[in-house]
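What's counted below: heavy atoms across the whole structure, side chains too, no hydrogens, waters or symmetry copies. Since the structure is predicted, the reported quantities are computational estimates derived from the model, not experimental observations. Naming convention: chains lettered A, B, ... in sequence-line order (proteins, then strands); numbering from 1 in each chain.
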Amino acid sequence: MSAYEDIYRVTRRIPRGKVATYGQIAYLSGRERQARLVGYALHRVDLAGEEVPWQRVVNARGEISYSPFRRGSDYLQRALLEEEGIVFDGAGKIDLRKYQWQAEEYTREDIRSCF
DNA sequence: GAGATGACATTCG
DNA sequence: GCGAATGCCATCT
């Protein structure tokens, strides 16, 4: 019941105009290899009545992960992110190199390798 | 309690 | 870049 508490906490820490990947959230919440639980947790956010900016959480591809039964639609979620300054390319993807949230505790080699 | 499922990530071919 | 296979664990049936 509270295994998601950390996940919610981390998700709320995502600053505006930034996005985070499931693996990242999982890592910060102490569950690096349990990205599935992150997605599962976010899926239950609405059911739990918690207000979490789950829209800022995207998959490793930089695409939005949305479920068909979210509030409104996929279109709305993309609009929300665009509101925050996130820019989507033609394929509806996000440039993680620019918009991925870089937490202080989060220093992965592949990210650094990107530079 | 056991088996299947899942808003995924990562690695290998 | 893409598809298949593997791993991980809470929730659902």
Side-chain angles (χ1 to χ4, degrees):
Chain A
M1 203 128 191
S2 318
Y4 301 142
E5 202 170 316
D6 295 329
I7 296 175
Y8 295 151
R9 190 181 304 173
V10 173
T11 305
R12 286 186 202 144
R13 281 186 179 176
I14 301 175
R16 184 180 175 184
K18 295 284 184 180
V19 296
T21 63
Y22 284 91
Q24 187 173 359
I25 297 299
Y27 186 88
L28 292 176
S29 61
R31 295 171 172 77
E32 183 179 7
R33 295 177 180 174
Q34 302 175 4
R36 300 177 129 191
L37 300 194
V38 178
Y40 214 81
L42 295 177
H43 177 74
R44 292 179 50 93
V45 168
D46 285 345
L47 301 179
E50 295 288 332
E51 292 189 20
V52 180
W54 55 271
Q55 53 244 55
R56 291 179 189 153
V57 182
V58 298
N59 57 20
R61 291 180 181 174
E63 299 175 328
I64 297 178
S65 304
Y66 57 90
S67 57
F69 294 97
R70 286 299 71 161
R71 322 178 160 185
S73 60
D74 53 342
Y75 153 87
L76 176 60
Q77 179 166 3
R78 189 169 117 187
L80 288 174
L81 291 177
E82 288 179 341
E83 268 298 307
E84 300 184 354
I86 306 298
V87 179
F88 293 81
D89 62 6
K93 293 183 181 177
I94 302 173
D95 187 351
L96 289 178
R97 192 178 59 158
K98 285 186 177 181
Y99 299 108
Q100 184 175 39
W101 173 42
Q102 294 180 353
E104 297 178 357
E105 301 175 309
Y106 188 73
T107 53
R108 273 176 61 174
E109 313 246 350
D110 55 320
I111 301 295
R112 293 164 59 187
S113 173
C114 200
F115 294 89

- Message: I'd like to know if A:Y4 reaches the base of C:dA10 with its side chain, counting only an N/O donor and acceptor under 3.5 Å.
- Response: no
- Side chain of A:A60 only, please: which of B:dA7, C:dT11, B:dA9 is the nearest? B:dA9
- Query: Do the side chains of A:L96 and A:V58 get nearer than 4.5 Å, heavy atoms only?
  - Reply: yes
- Message: Whether the side chain of A:R31 engages the backbone of A:S29 through a donor-acceptor N/O pair (distance < 3.5 Å, no angle test) should be reported.
- Response: yes
- Nearest-Å distance, CD1 (A:I7) to P (C:dC9)? 13 Å
- Between A:L37 (CG) and B:dG6 (P), how many Å, whole number? 15 Å
- Separation of C:dC12 atom C1' from A:H43 atom NE2, nearest Å, is 11 Å
Between the protein and nucleotides 3-7 of chain C, are there any N/O to N/O pairs under 3.5 Å, and if so, what are the atom names and distances?
residue	atom	partner	partner atom	Å
C:dG7	O6	A:R36	NH2	3.1

- Note on the structure: By nearest-nucleotide position on DNA chain C, the 5'-leaning member of A:Y40 and A:K93 is A:K93
- Any A:R44 side-chain N or O less than 4.0 Å from OP1/OP2 of C:dC12: yes
- Message: Could you walk me through whether A:V10 and A:Y27 satisfy the side chain to side chain contact (heavy atoms under 4.5 Å, CB included) test, starting with their C-alpha distance in whole Å, then the side-chain angles of each, then the deciding distance to 0.1 Å, before giving a yes or no?
- Response: CA-CA 10 Å; A:V10 173; A:Y27 186 88; over 6 Å; no
Which pairs would a plain distance check flag for residues 87-94 of chain A, meaning a side-chain donor or acceptor within less than 3.5 Å of a matching protein atom at least two apart in sequence or in another chain?
residue	atom	partner	partner atom	Å
A:D89	OD1	A:A91	N	3.0
A:D89	OD1	A:G92	N	3.0
A:D89	OD1	A:K93	N	2.6

- Report the residues that fulfil side-chain hydrogen bond (donor to acceptor under 3.5 Å, both in side chains) with A:E83, sequence neighbours left out, ordered by chain and then residue number. none
- Query: Once you round to the nearest 0.5 Å, how far does CD of A:Q34 lie from CD of A:E32?
  - Reply: 10.0 Å
- Could you tell me the separation between the CG atom of A:L42 and the C1' atom of C:dA10, rounded to a whole number of Å? 14 Å
- Starting from P on B:dA7, measure out to CD on A:Q24 and report it in whole angstrom. 21 Å
- Message: For A:R33, I'd like to know if atom CZ has over 12 heavy atoms of other residues, nucleotides or ligands within 6.0 Å.
- Response: no
- For A:E63 and B:dA9, give me the distance from atom CD to atom C1', rounded to whole Å. 14 Å
- Note on the structure: To the nearest angstrom, the OH-P distance between A:Y8 and B:dA7 comes to 14 Å
- Message: I need the CD-P distance between A:Q34 and C:dC8, as an integer number of Å.
- Response: 9 Å
